[in-house]
Q: 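Structure incoming, see below.
Every heavy atom of this structure was used, including side-chain atoms; hydrogens, water molecules and symmetry mates were not. All residue numbers refer to positions in the sequence shown, counting from 1. Small disclaimer: the values here were computed from a predicted structure and weren't measured.
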Amino acid sequence: MAVRVILGLLLTVVASGLAGRRLLMLYRLGRAGQPAEPGRTRGVAARVRAELTEVLGQRKLLKWTVPGTAHLLTFWGFLILGLTLIEGYGALVDRDFHLPWIGTQPWLGFLEDLFAVAVLLAVLVFAAIRLRHLPAREGTRSRFFGSHLGGAWLILFMIFNVVWTLLLYRGAQINTGNFPYADGAFASEVVARVLAPLGTTANDVIETAGLLLALGVVLTFLVIVVHSKHLHIFTAAPNVAFSRRPRALGALQPVRSGGKLVDFDDPGEDDVIGRGAIEDFTWKGMLDFASCTECGRCQSQCPAWNTGKPLSPKLLIMSLRDHALAKAPYLLAGDDHAGVDALAAAEAQRPLVAEGGVITPDVLWSCTTCGACVEQCPVDIEHVDHIVDMRRYQVVMEASFPREAAVLLRNLEHAGDPWGRGAANRLDWTAKLDFPVRVLGDGEALPDDAEYLFWVGCAGAFDERAVRTSQAVAELLHTAGVGYAVLGSGETCTGDPARRLGNELLFQELARQNVATLTAAGVRKIVTTCAHCFNSLANEYPQLGGTFEVVHHTQLLSRLLAEGRLTPVTPVQATVTYHDPCYLGRHNRIFAPPRDILGSVAGVRLTEPDRTRERSFCCGAGGARMWLEEPLGTRINEARTDELLATGADVVAAACPYCIDMLADGVAQRAAEGVTVTDVAGVLLRSVRAIPDDPEGATR
């Protein structure tokens with residue numbers, strides 16, 4: 001017994017020392033980051049629900065049925081098998097040790113063996129999946145492309161070792177009469193029958209050797225885990241607990257420096273806008289990097305990666321993590337860097353974003369901020385926030401951004417819209433309407449009989465296709481008797497493209513001007529046709545004191561249909577497919593109203609593309625990409641158009657002017673004859689107007 005105790009404790013002390021030293025370094029590295037924004041611990045109930053569903057329930061992982069089920073079995077297997085670890089340490093000093101109260105119950109022995117077998121099966125499934133999707137065979141199509149493959153195989157091997165050594169020890173225990181369970185442990189009993197012919201003495205030796213071997217494997221596994229990407233075993237749960245709730249989509253975070261909000265009227269001399277070095281990220285950012293499982297779910301859904309761009313959300317997070325670890329000795333050395341090794345010192349000199357830096361500019365500017373990566377991530381990493389924060393530093397602190405973005409920013413600064421058309425032309429879209437549209441004059445308040453302020457948006461005012469949507473919605477509201485008014489020349493860009501591009505200064509300027517205008521007009525309710533305007537007005541303007549009730553036009557039209565204030569009368573004989581705009585669907589969870597509208601029109605046959613709702617594929621315009629060139633890979637809008645055309649639809653419907661522009665260009669590029677692209681409001685208007693069926697009318 002003395003040998004068991006001494007060797008067991010020695011193994012524990014050594015492994016705990018190695019693991020503890022690593023964990024202490026990681027803790028100090030996290031502390032080197034900036035303070036996180038307030039609110040990371042608010043809403044305890046929501047955070048507990050997240051732990052129950054995302055961590056214990058493995059909700060996101062189970063969206064991918066086979067690997068999700070395998071991960072669920074492994075996760076719960078290790079929780080259950082944790083009991084066998086307690087039993088093992090007890091057996092070091094008492095061969096008859098068992099857990100108090102329940103330690104001899106047959107159901108517990110059965111449960112432990114059941115999950116031991118389940119974990120073994122899960123290891124086989126993981127191995128099969130990795131062999132099937134080898135990056136060497138599938139290239140960038142493999143979700144494991146760029147992952148640490150050697151480390152992953154080592155972990156699978158160690159999990160296998162954990163289970164077989166456990167069963168060996170338990171089988172020998174049965175034969176020596178020291179096993180806690182008289183019945184139920186079916187797998188251990190099978191091993192016992194195999195070992196029984198060796199005799200009692202041999203089983204005595206196997207029991208002790210197996211126990212020490214099992215403990216040694218578990219402790220070695222612990223040391224490997226804290227030095228590998230499987231650190232997520234320990235960081236995933238806190239990362240989910242401290243993540244943005246309900247999700248890290250919708251509004252971008254306001255700019256903070258040193259944990260404090262930056263006052264853009266009078267910024268401090270030491271304020272840093274965005275992230276220009278790894279230590280500029282918050283401790284939550286560091287926790288994100290440490291939590292990446294390298295599973296590749298984000299990468300598999302990323303529109304940039306899937307069209308041949310260099311951006312992979314997974315590789316981006318891995319690069320930031322690897323850089324943080326390589327730079328750690330320099331960061332943790334304080335002010336005296338004399339003793340820092342050369343590699344760490346060299347890593348400290350690498351720029352965060354640059355050619356040859358940690359992140360290349362092509363990676364940074366390829367993001368459309370669609371949020372597919374955030375949606376997929378099983379450990380709630382906030383990719384979009386990190387990307388925009390790095391863009392903020394590049395634009396505001398370094399004045400570094402894609403060349404063509406200069407035109408966009410100049411137009412926003414001088415004309416208040418991306419096209420540079422100017423406020424004087426914002427009412428041109430009303431010229432062809434056969435009814436008056438009420439326009440608020442300078443300083444005029446919204447009349448009492450005008451329930452809504454119709455926020456037309458820059459696209460709705462100036463883009464030819466979006467103008468048709470503005471006209472359709474105006475006519476539908478007029479038909480339904482909804483009182484509304486527009487700002488006309490008093491409206492300016494919401495600032496969405498400037499903010500997604502990283503120009504926070506310009507966003508602040510535009511947004512504050514709009515908040516002041518809307519507040520002075522006494523606006524309480526806003527309806528808008530643009531998903532990006534909707535997101536800014538509803539989710540980001542409250543950060544600047546502008547709190548309004550904002551609805552997307554599909555929400556309002558759906559309600560008017562339900563109330564009987566709009567009545568579709570003319571069948572529209574068409575097969576329609578609906579494209580979910582990222583900033584309406586994934587960012588704001590508005591999925592049903594557009595489909596309700598299409599479903600209300602007689603004759604419409606709605607067909608869904610393979611990727612729809614939360615998994616919808618981006619049109620390529622978000623993140624200010626609509627105004628940037630796309631020289632790398634294939635065009636995102638054409639890839640999405642191919643998916644929509646594959647449904648066989650003759651009408652592609654969307655609910656965002658960005659999407660309609662990009663998809664209409666995609667249909668034109670594919671020369672898809674007879675296919676039209678329109679807003680869902682155009683389809684509804686065609687039926688409400690009670691005019692004969694006209695295929696050309698689908699574009700109105």
Side-chain angles (χ1 to χ4, degrees), residues 1-13 15-16 19 51-52 55-56 72-123 158-196 198-222 225 233-234 237:
M1 285 300 293
V3 174
R4 291 168 62 141
V5 173
I6 293 171
L7 289 178
L9 292 179
L10 186 61
L11 286 171
T12 303
V13 169
S16 299
E51 289 293 312
L52 294 175
V55 180
L56 297 182
L72 177 76
L73 293 177
T74 308
F75 172 81
W76 273 99
F78 269 77
L79 290 183
I80 298 297
L81 296 183
L83 297 175
T84 67
L85 187 62
I86 298 173
E87 291 172 343
Y89 270 105
L92 282 177
V93 295
D94 179 5
R95 295 181 70 177
D96 290 326
F97 177 83
H98 57 80
L99 296 172
W101 302 299
I102 60 172
T104 59
Q105 296 291 322
W107 63 264
L108 183 56
F110 172 79
L111 194 65
E112 291 174 345
D113 274 25
L114 178 66
F115 274 96
V117 173
V119 170
L120 277 180
L121 291 175
V123 167
M158 290 304 298
I159 294 174
F160 169 73
N161 288 334
V162 167
V163 177
W164 79 258
T165 55
L166 173 68
L167 292 177
L168 176 70
Y169 149 63
R170 286 161 70 92
Q173 266 193 321
I174 292 174
N175 291 336
T176 58
N178 296 312
F179 195 55
Y181 308 103
D183 196 7
F186 62 96
S188 301
E189 290 170 0
V190 170
V191 176
R193 284 196 286 274
V194 173
L195 298 177
L198 299 177
T200 303
T201 304
N203 274 279
D204 272 335
V205 174
I206 293 173
E207 180 195 332
T208 297
L211 171 60
L212 293 174
L213 186 60
L215 289 177
V217 167
V218 169
L219 292 169
T220 303
F221 185 67
L222 169 67
V225 163
I233 291 173
F234 299 117

Q: Residues in side chain to side chain contact (heavy atoms under 4.5 Å, CB included) with Leu56, at least two apart?
A: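 Checked Leu56 against side chain to side chain contact (heavy atoms under 4.5 Å, CB included); matches are Leu52, Phe75, Trp76, Leu79.
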
Q: Could you work out, with side chain to side chain contact (heavy atoms under 4.5 Å, CB included) as the rule, every residue matching Ile159, not counting sequence neighbours?
A: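 Result, side chain to side chain contact (heavy atoms under 4.5 Å, CB included) vs Ile159: Thr74, Phe78, Val119, Val123, Ile155, Phe221.
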
Q: Val117 versus Asp113: any side-chain heavy-atom pair under 4.5 Å?
A: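 A side-chain contact under 4.5 Å is absent here.
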
Q: Determine yes or no for a side-chain-to-main-chain donor-acceptor pair under 3.5 angstrom, with Asp183 supplying the side chain and Pro106 the backbone.
A: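 Checking the backbone N and O of Pro106 against the side chain of Asp183, no donor-acceptor pair under 3.5 Å is found.
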
Q: When you compare the side chain of Leu108 with that of Leu99, does any pair of heavy atoms fall below 4.5 Å?
A: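 Yes, their side chains come closer than 4.5 Å.
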
Q: Between Asn175 (side chain) and Ala192 (backbone), is there a donor-acceptor pair under 3.5 Å?
A: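 Side chain of Asn175 to backbone of Ala192, a donor-acceptor pair under 3.5 Å: yes, one is there.
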
Q: Take Val191 and Tyr169 through the test side chain to side chain contact (heavy atoms under 4.5 Å, CB included) and record every step on the way to the result.
A: CA-CA 9 Å; Val191 176; Tyr169 149 63; over 6 Å; no

Q: Under the side chain to side chain contact (heavy atoms under 4.5 Å, CB included) rule, collect the residues that match up with Ala214, sequence neighbours excluded.
A: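 Ala214 satisfies side chain to side chain contact (heavy atoms under 4.5 Å, CB included) with Thr165 only.
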
Q: Can you sort out the partners of Val93 under side chain to side chain contact (heavy atoms under 4.5 Å, CB included), two or more places apart, ordered by chain and number?
A: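 Only Val5 meet the side chain to side chain contact (heavy atoms under 4.5 Å, CB included) criterion with Val93.
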
Q: Counting C-beta onward and ignoring hydrogens, is there a side-chain heavy-atom pair between Trp164 and Leu213 closer than 4.5 Å?
A: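 Result yes, sub-4.5 Å side-chain heavy-atom pair found.
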
Q: How would you list, by chain and number, every residue that makes a salt bridge (Lys or Arg N to Asp or Glu O under 4.0 Å) with Arg95, sequence neighbours excluded?
A: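 If we apply the salt bridge (Lys or Arg N to Asp or Glu O under 4.0 Å) test to Arg95, skipping adjacent residues, the hits are Asp204, Glu207.
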
Q: Without placing hydrogens or testing angles, list every side-chain donor-acceptor pair under 3.5 Å for residues 80-92, not counting sequence neighbours.
A:
unit_1, atom_1, unit_2, atom_2, d
Thr84, OG1, Leu81, O, 2.5
Glu87, OE2, Tyr181, OH, 2.5
Tyr89, OH, Thr12, OG1, 2.6

